[in-house]
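In what follows, a structure is listed as structure tokens, so that the remarks can point back to it.
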Amino acid sequence: MTGTDVQKEAEDSGPSGYAAARLRLLTEETRSGPPRRAALADLTDEWLTGLFAAGAEGLRGASLVAVGGYGRGELSPRSDLDLLLLHDGGDTKAVAALADRLWYPVWDLGLDLDHSVRTPAEARKTAGEDLKVQLGLLDARHIAGDLGLTASLRTAVLADWRNQAPKRLPELQELCAERAERQGELQYLLEPDLKEARGGLRDATALRAVAASWLADAPREGLADARRRLLDVRDALHLATGRATDRLALQEQDQVAAELGLLDADTLLRQVYEAARLVSYASDVTWREVGRVLRSRAVRPRLRAMLGGGKPAGERSPLAEGVVEQDGEVVLARAARPERDPVLPLRAAAAAAQAGLPLSLHAVRRLAATVRPLPTPWPAEAREQLVTLLGSGRPTIEVWEALEAEGLITRLLPDWERVRCRPQRNAVHLWTVDRHLIETAVRASEFTRRVSRPDLLLVAALLHDIGKGWPGDHSVAGEIIAKDVAARIGFDRHDVTVVATLVRHHLLLIDTATRRDLEDPATVRSVAEAVGSQGTLELLHALTEADALATGPAAWSSWRGSLVADLVKRVSAVLAGDAPDEPEEAAPTAEQERLALEAAATGSPVLSLRAQTEPPAGQEPSGDPEPLGVELLIAVPDQPGVLPAVAGVLAMHRLTVRTAELRSLYLPDGVDGSVLLLDWRVAAEYGSLPQAARLRSDLVRALDGSLDIAGRLAERDAAYPRRRGVVAPAARVSVHPAASRLATVIEVRSQDAPGLLFRIGRALEDASVQVRSAHVSTLGANAVDAFYVTGPEGAPLPGDEAASVARKLEETLRG
């Protein structure tokens, strides 16, 4: 039977004919999805048109209007009918009688009905008072009666909506936020509400309303398909349950999947999550644009200039090379060339996360469309930017989602596709696999002060469950994937092994601590053999806690934490007997010795800047090697204040210190004195490097006290407004008395920032300790600095004095 035949049957047979035709339509296997919803709407239109014609004989100035989902022609099998009987206020008795002729047949069939009887003025007044009514009227569609009456109402409602948009859109956004708070995120729930949860059908409808306001518009790519997919699932849910429900309960999921021809319930959930993620991302972008437009309208440029407050509209503030902030978003600089800068997506993402700002939709789409793939292995900068992004805390999530929405994450990490939107059927888990991995990295960023290699911790957090996209034990599969990924992003062989070990054994500590007898020496020995080293144990301890906290509140407790800590203490004792000997100091190179002799002869600093390049592992050097940074060699006659002076000068010139070493170099026989040698790797924050002569000139002035570094840095810092970026963990300073027999080792873990090394060096100088050597390393956004210090006589500091120095240094960095 064709669609026309079904409608004819409905017209000929009244309510019973409509019911039969409706049942026949819903049981047709050849028609589903949008065609079936449209056919059901058409069938219902025909039936209601017949009812209206029979009840409105002789009545003028009345029309029947479908609103809401029915107005959009999106009738699911058990959808309610949302109807408005519109009239001009003339014969109210006849209108009331017509309403009875319309509503009672609907109720008799057991269909849900949301109905109202109003004049156009009453409809507009109610819409002005009730946002939900206004949203329904935006989809008003004429069914029967006076077409002019319906058309004039539609025109008036749309005009009202556009005129009142500056007031009503914030109300709509608040309504969406309240609903999300109640219902949760559709893309993560095991039993989601397809309509009410964030990213569901209500949000998709809200985006249509925003577009109708002409104030802003949603990203349209894929949005219609996402809405269709959610409606298809709701149709199947209605047919499977026979009820008007929007909650996809666990017990219904297999049947709904079968109704849709899908493999299983997991495949169903993954499709739902993908659709919800797209709607959620479109909502984020759209509401951000609404806020920008409303702020722009609220503060006119001329008024803002008169008041002297805020930045002029459109002003750009640099964040990183090729990346700027504009209007509260991170965008690409005008000179940026994504097609020639494969690191730009990661650099932009890291800058956005560190600043706590969103990546603009235009920027992400331009990157996705034009950027070329990273080489294998990645250059050092790409790896560092990934680590910075992962270590930025909660802002990482929004930035990561923006990259993922445009396909950039799977291009950077192809294995990510296996875990993207993958459900976890475990009540303990709050998130899908991919979101859990990001949540674990966010949690791990809180522990970067506890470990010596925060970069390895963050990457292991990102990859620890990557094997869940493959069959078998996810830890075993994950180890293989982690090895490949870690090597691809440029870690050396030792670091690759550590990351793979962490992924393979990320459940080892929690499982052993809660399921084995810790008093049994065999238990502790087995863990020590699996872990292999103190450094790996330290990382695994932090990863274990981050993983558990990211799983959900039931996965971690003080009791579990104490058991794991006890196990770690016992394993550490076993591993302590295998600690490596202290490495011998390397002999100076010919270049270093030449600079040292020149510094001794002239009595002043000597320096050289030299670009550093290296080929990818396993490849021969090419004719145009990629620059990996600039090596800065400085030789200075041994004197107080060298470390803060050099660090301050570099900070003044906006040079980022990636790695640094400082040590005393004793000169050959016949040459008096000693020289401090600094071997640092630096990079410009943005722009070009300063000239070596300018650096040397400022360094001479800094050492003789004529250059006020602290004042210059304070002035520059005050000139830039504070951004609302990530709140970093507090700095942590610790003493390692057993790390060296010749000096006291003071270790500083802190958020990397301009002038940090200057502040540390000046604090150590103020404490009257001598820095025998310094080993500075910036790992992503984290600075991990070790200073070998002695007293004035050249001996290690007594324990209480070392503790006092560390305490004062920590107070300085937290101040």
Under a 4.0 Å threshold between the charged nitrogen and the carboxylate oxygen, would [Y] count as salt-bridged to [X]?
| X | Y | answer |
| --- | --- | --- |
| E171 | K132 | no |
| R422 | D465 | no |
| D415 | R488 | yes |
| D246 | R234 | yes |
| E252 | R247 | no |
| D232 | R37 | yes |
| R292 | E329 | no |
| R198 | E181 | no |
| D139 | R208 | yes |

Short question: side chain of [X], backbone of [Y] - any donor-acceptor pair under 3.5 Å?
| X | Y | value |
| --- | --- | --- |
| R22 | P77 | yes |
| T396 | L389 | yes |
| H464 | A461 | yes |
| S76 | R78 | no |
| E185 | G199 | no |
| E28 | L23 | no |
| S445 | V442 | yes |
| S557 | R560 | yes |
| T245 | T241 | no |
| W161 | R168 | no |

message = So, using salt bridge (Lys or Arg N to Asp or Glu O under 4.0 Å) as the criterion, who are the partners of R141 when residues are at least two apart?
response =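 For R141, the residues satisfying salt bridge (Lys or Arg N to Asp or Glu O under 4.0 Å) (neighbours in sequence not counted) are D45.
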
task = Go through the structure and list residues passing salt bridge (Lys or Arg N to Asp or Glu O under 4.0 Å) with E417, not counting sequence neighbours.
result = R420

task = Test E398 against R288 for salt bridge (Lys or Arg N to Asp or Glu O under 4.0 Å), laying out the working first.
result = CA-CA 12 Å; E398 182 180 1; R288 198 160 67 232; 3.4 Å; yes

Heavy atoms, side chains only, cut-off 4.5 Å: are [X] and [Y] in contact?
| X | Y | answer |
| --- | --- | --- |
| L48 | T44 | yes |
| L413 | I466 | no |
| L437 | V419 | yes |
| S213 | L169 | yes |
| I481 | V503 | no |
| W214 | L158 | no |
| R36 | L75 | no |
| Y281 | L361 | yes |

inquiry  = Let's go through V65 and I143 carefully: what are the C-alpha distance in whole Å and the side-chain angles of both, what is the deciding distance for side chain to side chain contact (heavy atoms under 4.5 Å, CB included) to 0.1 Å, and is it a yes or a no?
reply    = CA-CA 5 Å; V65 182; I143 296 177; over 6 Å; no

task = Could you note down all residue pairs passing salt bridge (Lys or Arg N to Asp or Glu O under 4.0 Å) where residues 542-553 supplies at least one of them, sequence neighbours left out?
result =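 Passing the test, one end in residues 542-553: R450-E545.
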
note = Applied to residues 388-434, the ring pair (Phe, Tyr, Trp, His ring centres under 6.0 Å) test, sequence neighbours excluded, yields Y188-W431, W400-W416, H429-H436

Above 12 or not: heavy atoms from other molecules or residues under 6.0 Å from [atom1] of [X]?
| X | atom1 | value |
| --- | --- | --- |
| K468 | NZ | yes |
| W107 | CH2 | yes |
| R202 | CZ | no |

Side chain to side chain contact (heavy atoms under 4.5 Å, CB included) partners of E178, counting only residues at least two apart = E174, L175, R182

inquiry  = Run the side chain to side chain contact (heavy atoms under 4.5 Å, CB included) test against R515 and tell me which residues pass, sequence neighbours left out.
reply    = D511

R394 and E446: CA distance, side-chain angles, deciding distance, salt bridge (Lys or Arg N to Asp or Glu O under 4.0 Å) verdict = CA-CA 10 Å; R394 194 56 51 183; E446 301 168 11; 5.3 Å; no

request  = Output the distance between atom CG (L502) and atom OG (S475), rounded to the nearest 0.5 Å.
outcome  =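 So the gap between those two atoms works out to 12.0 Å.
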
Interatomic distance, R504 atom CZ to L540 atom CG [nearest 0.5 angstrom] = 12.0 Å

inquiry  = Applying side chain to side chain donor-acceptor pair (under 3.5 Å) to R435 and Q424, what does each step give before you reach the verdict?
reply    = CA-CA 11 Å; R435 176 62 184 271; Q424 303 202 79; over 6 Å; no

query = When the aromatic ring centroids of H474 and H506 are compared, is their separation below 6.0 Å?
reply =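 Aromatic pair counts; centres sit under 6.0 Å.
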
inquiry  = Set out, in order, the CA-CA distance, both residues' side-chain angles and the distance that settles side chain to side chain contact (heavy atoms under 4.5 Å, CB included) for T440 and R443, then state yes or no.
reply    = CA-CA 5 Å; T440 304; R443 291 289 189 169; 5.6 Å; no

key: E404 vs D434, side chain to side chain contact (heavy atoms under 4.5 Å, CB included): CA-CA, chis, key distance, verdict   = CA-CA 11 Å; E404 190 171 54; D434 57 340; 3.7 Å; yes

message = Can you confirm if the NZ or CZ of R418 lies within 45° of the ring axis of W470 and under 6.0 Å from the centre of its six-membered ring?
response = yes

inquiry  = Between T205 and R72, does the side chain to side chain contact (heavy atoms under 4.5 Å, CB included) criterion hold? Intermediate values first, please.
reply    = CA-CA 10 Å; T205 300; R72 295 188 296 274; 3.6 Å; yes

